[in-house]
Amino acid sequence: ENDPHIHKLLAVELMQAGYLPDAVREFRLAQDGGEPDDFIYYYLGLLFDRLNLQDQAKQEFENFLLSTTCTRDEPKWAEVKERVSRLKL
């Protein structure tokens, strides 16, 4: 089924199982389909970081920081800020 939410759920499962490129593909399909979850940026940042694609990781983490979901009250905010700082080096 071509449902963006299903693509996101599959992406999370693939990421946890270590199928990183497949997880990226499924997250992109979820985004392209209109899945409204801003945490997709966060997950993509983690995936690209693990794939050693630093520029792409930085961009996804910055997208997460700019999202309406990520405010200073979001527990992941400080972690992502630190990751972006590290990726700028």
Side-chain angles (χ1 to χ4, degrees):
E1 186 174 331
N2 191 18
D3 179 281
H5 186 68
I6 299 296
H7 285 295
K8 181 187 81 171
L9 295 176
L10 178 57
V12 170
E13 293 296 320
L14 289 166
M15 182 174 69
Q16 291 172 346
Y19 298 101
L20 308 186
D22 295 326
V24 169
R25 181 178 45 83
E26 291 297 324
F27 277 127
R28 291 294 190 213
L29 288 170
Q31 284 180 320
D32 292 346
E35 177 65 23
D37 188 350
D38 290 332
F39 273 93
I40 291 175
Y41 297 124
Y42 173 75
Y43 293 134
L44 284 168
L46 293 177
L47 287 166
F48 288 132
D49 196 22
R50 287 177 63 190
L51 290 165
N52 204 29
L53 298 169
Q54 304 305 306
D55 289 339
Q56 289 172 281
K58 180 177 168 278
Q59 182 62 54
E60 296 300 333
F61 285 134
E62 287 176 342
N63 288 341
F64 180 66
L65 289 172
L66 294 172
S67 72
T68 57
T69 299
C70 189
T71 65
R72 289 181 188 260
D73 295 331
E74 165 55 49
K76 299 271 185 225
W77 184 85
E79 173 200 336
V80 173
K81 289 290 281 186
E82 187 276 324
R83 286 178 180 272
V84 168
S85 295
R86 179 178 52 83
L87 292 169
K88 287 184 179 179
L89 301 177

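One is the number of the first residue; the rest follow in order along the sequence.
Leu44 and Leu29 fall into different hydrophobic clusters, defined by Ile, Leu, Val, Met, Phe, Trp and Tyr side-chain heavy atoms under 4.5 Å apart, directly or through other members. Note on Ile40 and Val80: same hydrophobic cluster, where clusters join Ile, Leu, Val, Met, Phe, Trp and Tyr whose side-chain heavy atoms are under 4.5 Å apart, directly or indirectly. Both Leu20 and Leu87 belong to a single network of hydrophobic side chains, linked directly or stepwise wherever heavy atoms of I, L, V, M, F, W or Y lie under 4.5 Å apart. The hydrophobic cluster containing Trp77 also contains Val84, counting ILVMFWY residues as joined when their side-chain heavy atoms lie under 4.5 angstrom apart, directly or transitively. Cluster annotation: Phe39 and Leu65 are assigned to the same hydrophobic cluster (Ile/Leu/Val/Met/Phe/Trp/Tyr, side-chain heavy-atom contacts under 4.5 Å, transitive).
Among residues two or more places apart in sequence or in another chain, the side chain to side chain donor-acceptor pair (under 3.5 Å) test is passed with Asp32 by none. Residues satisfying the salt bridge (Lys or Arg N to Asp or Glu O under 4.0 Å) test with Asp22, not counting sequence neighbours, are Arg25. Asp3 is linked by a side chain to side chain donor-acceptor pair (under 3.5 Å) to nothing, counting only residues two or more places apart in sequence or in another chain. With sequence neighbours excluded, no residue satisfies side chain to side chain donor-acceptor pair (under 3.5 Å) with Asp55.
Residues Leu47 and Met15 approach most closely at CD2-CG, 3.5 Å, considering heavy atoms. Across all their heavy atoms, Pro4 and Ala30 have their closest contact at O-CB, 3.3 Å. Closest approach of Asp49 and Gln54 over heavy atoms only: OD1-OE1, 3.2 Å. Taking every heavy atom of both residues into account, Gly45 and Ala57 meet most closely at O-CB, 3.5 Å.
Asp37 and His5 are not linked by any side-chain donor-acceptor pair at a separation below 3.5 angstrom, with hydrogens and angles left out of the test.
Summarising the geometry, atom CG belonging to Leu53 is positioned 14.5 Å from atom NZ belonging to Lys58; distances are rounded to the nearest 0.5 Å. Expressed to the nearest 0.5 Å, how far CD of Glu26 lies from NE2 of His7 amounts to 5.5 Å. Between the NZ atom of Lys76 and the CD atom of Glu79 there is a distance of 5.0 Å, given to the nearest 0.5 Å.
As a member of the Ile/Leu/Val/Met/Phe/Trp/Tyr network built from side-chain separations under 4.5 Å, Leu66 groups with nothing else and remains a singleton.
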Quiz prompt | Arg86 vs Arg83, side-chain contact (heavy atoms from CB on, under 4.5 Å): CA-CA, chis, key distance, verdict | solution = CA-CA 5 Å; Arg86 179 178 52 83; Arg83 286 178 180 272; 3.7 Å; yes

Exercise. Apply side-chain contact (heavy atoms from CB on, under 4.5 Å) to the pair Gln59 and Gln56, showing each step before the final yes or no.
Key: CA-CA 5 Å; Gln59 182 62 54; Gln56 289 172 281; 5.6 Å; no

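Two residues are said to be in side-chain contact when any heavy atoms from C-beta on lie closer than 4.5 Å; Val24 and Leu14 fail this criterion.
Sorted by first and then second residue, the ring pair (Phe, Tyr, Trp, His ring centres under 6.0 Å) pairs involving residues 41-62 (not counting sequence neighbours) are Phe27-Tyr43, Tyr42-Phe64.
Arg28 and Glu60 are joined by a salt bridge, as a carboxylate oxygen and a charged side-chain nitrogen come within less than 4.0 angstrom of each other.
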